[in-house]
Amino acid sequence: MWATTWMADANDVICPLLGLPELPVVDWPDSEDDQGPLHRKTRGLVEWAAGRSFVWIDDEITDADRAWVSAHHDAQAHLHRVDPRRGLTGSDFVVIADWLARLRR
């Protein structure tokens with residue numbers, strides 16, 4: 001699932017570079033509230049997850065987002081912040097893979 005402001009362009013540009021199939025895209029509502037400490041995606045991702053576990057990878061995740069998700073989402077969630085200067089690195093993939101492996105236990 002793409003949860004990006006790139007919207008469907010992520011499938012056209014990023015998927016081929018990463019060797020991924022076309023993925024569904026979160027449709028961000030126009031009325032999303034950009035005010036306050038939360039990232040503009042936080043509420044929408046929790047709504048989309050609808051009680052399912054999820055991983056959110058972004059370079060703008062903050063402690064406010066983590067706290068809000070913890071308080072408003074009953075399933076497990078891993079909010080993984082990446083360094084915007086480096087993007088995803090091998091160590092990020094290790095952390096995410098470890099979290100997913102623990103989720104399956």
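The two residues P37 and T62 come nearest to each other via the heavy atoms O-OG1, 4.1 Å. Closest approach of D92 to G87, counting heavy atoms only: OD2-O, 3.6 Å.
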Query - Verdict with supporting geometry, R81 and R66, side chain to side chain contact (heavy atoms under 4.5 Å, CB included) - result: CA-CA 10 Å; R81 188 177 191 284; R66 287 185 180 89; 3.9 Å; yes
Query raised in the report: How far apart are the C-alpha atoms of R40 and T5, what are their side-chain angles, what is the distance that settles it, and do they pass the side chain to side chain contact (heavy atoms under 4.5 Å, CB included) test?
Result: CA-CA 10 Å; R40 66 186 175 279; T5 54; 3.5 Å; yes
Query raised in the report: Given the rule in the ring pair (Phe, Tyr, Trp, His ring centres under 6.0 Å) test, do F54 and H73 qualify, once you have shown the distances and angles that lead to the verdict?
Result: CA-CA 10 Å; F54 70 96; H73 185 64; 5.1 Å; yes
Query - From CA spacing to verdict: side chain to side chain contact (heavy atoms under 4.5 Å, CB included), D27, M7 - result: CA-CA 7 Å; D27 186 21; M7 304 295 292; 3.8 Å; yes
Report task. Check the pair W6, V25 against side chain to side chain contact (heavy atoms under 4.5 Å, CB included), reporting the backbone distance first and the verdict last. Result -> CA-CA 9 Å; W6 283 58; V25 177; over 6 Å; no
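The NE2 atom of H78 sits 8.0 Å away from the CD1 atom of I61 when rounded to the nearest 0.5 Å. Atoms CG and OG1, from D83 and T89 in turn, are 8.5 Å apart once rounded to the nearest 0.5 Å.
A donor-acceptor pair under 3.5 Å is absent between the side-chain atoms of D98 and the main chain of V95, judged by distance alone. With hydrogens and angles ignored, the 3.5 Å screen pairs a side-chain donor or acceptor of N11 with a backbone N or O of L23. Not one N or O on the side chain of R52 forms a donor-acceptor pair closer than 3.5 Å with the backbone of A75.
Contact of the E60 side chain with the D65 side chain is not registered, since no non-hydrogen atoms from C-beta on lie closer than 4.5 Å. Residues V26 and W2 form no side-chain contact, since every pair of their non-hydrogen atoms from C-beta on lies 4.5 Å or further apart.
Summarising the local packing, CG of D12 is surrounded by more than 12 heavy atoms from other residues, nucleotides or ligands at distances under 6.0 Å.
Using a cutoff of 4.0 Å between basic side-chain nitrogens and carboxylate oxygens, K41 and D58 are scored as salt-bridged.
W68 has its ring centre no less than 6.0 Å from the ring centre of H39.
Hydrophobic clustering, defined by side-chain heavy atoms of Ile, Leu, Val, Met, Phe, Trp and Tyr closer than 4.5 Å, groups L103 together with V55, I57, V82, L88, F93, I96, W99, L100.
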